[in-house]
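The block underneath contains the structure these notes are about, expressed in C-alpha cells.
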Amino acid sequence: MPEWARCDAGGGRLTIETGNLWIDQAYADQHNDVRPGQYVLIAISDTGSGIAPEQLERVFEPFFTTKPFGKGTGLGLSMVYGFVKQSQGHIKIYSERGEGTTVKMYLPRAGVHEAPKAAMPAPPQDLRGTETILLVEDNELVSRFACDQLQDLGYTVITARSGAEALECVRQTASIDLLFTDVIMPGGINGRQLAEAAKRLLPTLRVLYTSGYTENAIIHHGRLDPGVHLLGKPYAPVDLARKVRAVLSEHPS
C-alpha cells in the first residue's frame, strides 16, 4: 500500500496507508456491523506508547479521554467512528502497551454494486496438508477461527495463548512443522522473540507471522525484518490456506 510518514518533535513515526480490499463473508459473520464487499482501507499507525486494554474498549465512547482536564474533549475518535458508521463502513483498532497503535478504517468503494451473498468457496485440494502447526494467538475468537480453518484443511493444530506457553509446546513436541504466530502479544515474549527461541530448539521450523498492524508498520517500525512471511488480519480462509501452504512448501532455512 502507498504510505506517507513523518517524524514528530519527540522522534515518533506516523504512517498513513491506503489500499483496496475485499471483506469476505467469514469476516462479516464475526462482525455484525460490516457487510461483505469491496472497501477502501485507510490505515494510520504510530510508534507511541500504545493503549491499555481497559481503555481500548472505550476509545469510541463520546467524552472518554485519558488527557488531563482542559487538554482534550474525548470527541475525536467518537466523531471518526460516527463518520465511518454513517458511511456504512467499519473501523478496527489494534494496540498493545509499548508497541504503538494501528487504526484501520474500511469505507465502501463508490460505484461498486453489492455482490449477492454466496457460500465461501472451499480451498483447492492442493492447499491441504497433514503437517503440524503451532498456532499462537491471544485473541480467543481469532484463534478459534484459524484453528477451525486449519483443521478443516487437514493439519494438526496445537494452540497457545502466549509466547511462554508456545515455547513450552515446542519443548514438549518435536514434530512441529510451522509456527503461526501473532507479532504483538502480551506476556513479555513477542512473535519475533518466540520464533528466534523456537528455531533454536527446532532449526527446521518454518515461521509465518500474522498481525492486525499493517505490513509497513510492522517492518518500518522495526518489529520484523524485511522478507519474513506475514499474513495481515483480517484474512480470508483461502488466503490463510494459500499462505500456510506456500510457507510449508519452502525449503527450510
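Using a distance-only test at 3.5 Å, with no hydrogens or angles considered, a donor-acceptor pair links the side chain of R206 to the main chain of L248. Between the side chain of D177 and the backbone N or O of T132 there is at least one donor-acceptor pair closer than 3.5 Å. Side-chain atoms of S78 do not come within 3.5 Å of backbone N or O of E61 as any donor-acceptor pair. The backbone N or O of I184 lies less than 3.5 Å from no partner atom in the side chain of N190, so there is not a single donor-acceptor pair. Side-chain atoms of K199 come within 3.5 Å of backbone atoms of L205 as a donor-acceptor pair (strictly under, hydrogens ignored). Side chain of R35 to backbone of Q25: no donor-acceptor contact under 3.5 angstrom is found. Under a 3.5 Å cut-off, the side chain of R161 and the backbone N or O of D138 do form a donor-acceptor pair. S162 places a side-chain N or O within donor-acceptor distance of the main-chain N or O of E165, the cut-off being under 3.5 Å. Proximity of a side-chain donor or acceptor of S87 to a complementary backbone N or O of L107 within less than 3.5 Å is not detected.
Between I158 and C169, the closest side-chain pair of non-hydrogen atoms falls below 4.5 Å. Residues V183 and R192 have side chains not in contact (no heavy-atom distance under 4.5 Å, counting atoms from C-beta outward). Within the 4.5 Å cutoff, side-chain heavy atoms of E17 are placed close to those of T15. R171 places a side-chain heavy atom less than 4.5 Å from the side chain of L201. No side-chain heavy atom of T156 sits less than 4.5 Å from a side-chain heavy atom of I133.
We find the CD1-OG1 distance between I44 and T18 to be 11.0 Å, quoted to the nearest 0.5 Å. Note that CG of D46 is 6.5 Å distant from CG of L14, once rounded to the nearest 0.5 Å. To the nearest 0.5 angstrom, E250 atom CD is 10.5 Å from L178 atom CG. One finds the CD1 atom of I51 at 12.0 Å from the CD atom of E57 (value rounded to the nearest 0.5 Å). Put simply, CG on L153 and CD on E131 are 11.0 Å apart, with the number rounded to the nearest 0.5 Å. The distance from atom NZ of K92 to atom CG of D33, rounded to the nearest 0.5 Å, is 9.0 Å.
For Y106 against P234, the heavy-atom pair with the smallest separation is OH-CD, 3.4 Å. Between T101 and G50 the shortest heavy-atom distance is OG1-CA, 3.8 Å. Scanning all heavy atoms of the two residues, the minimum distance from H31 to Y27 falls at ND1-O, 3.0 Å. In terms of heavy-atom proximity, G191 sits nearest to T181 at CA-OG1, 4.0 Å. Counting all heavy atoms, side chain and backbone alike, T102 lies closest to G212 at CG2-O, 4.2 Å. Across all non-hydrogen atoms, the minimal contact from Y209 to A195 is OH-CB, 3.2 Å.
Using a cut-off of 4.0 Å between Lys/Arg side-chain N and Asp/Glu carboxylate O, E196 and R200 are scored as not salt-bridged. The pair D182-K233 counts as a salt bridge, with a side-chain nitrogen and a carboxylate oxygen less than 4.0 angstrom apart.
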Run the side chain to side chain contact (heavy atoms under 4.5 Å, CB included) test on L194 and M185 for me, step by step, so that the C-alpha distance in whole Å, both residues' side-chain angles and the decisive distance to 0.1 Å come before the verdict.
CA-CA 10 Å; L194 169 61; M185 295 183 293; 4.2 Å; yes
Can L141 and S143 be said to form a side chain to side chain contact (heavy atoms under 4.5 Å, CB included), step by step?
CA-CA 5 Å; L141 184 64; S143 178; over 6 Å; no
Go through E54 and L56 one step at a time and tell me if the side chain to side chain contact (heavy atoms under 4.5 Å, CB included) criterion holds.
CA-CA 6 Å; E54 65 274 12; L56 193 60; over 6 Å; no
Step by step, work out the side chain to side chain contact (heavy atoms under 4.5 Å, CB included) result for V170 and I176.
CA-CA 7 Å; V170 173; I176 298 173; 4.2 Å; yes
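A ring-centre distance under 6.0 Å is not found for H229 and F180.
Taking the ring centre of Y81 as origin, the terminal cationic atom of K85 falls inside the region bounded by 6.0 Å and 45° from the ring axis.
Side-chain contact, Y155 with R245: a donor N or O sits under 3.5 Å from an acceptor N or O.
No single ILVMFWY cluster, assembled from side-chain heavy atoms under 4.5 Å apart, contains both V80 and V40.
If you run side chain to side chain contact (heavy atoms under 4.5 Å, CB included) between L135 and each of T159, L179, L208, only T159 comes through.
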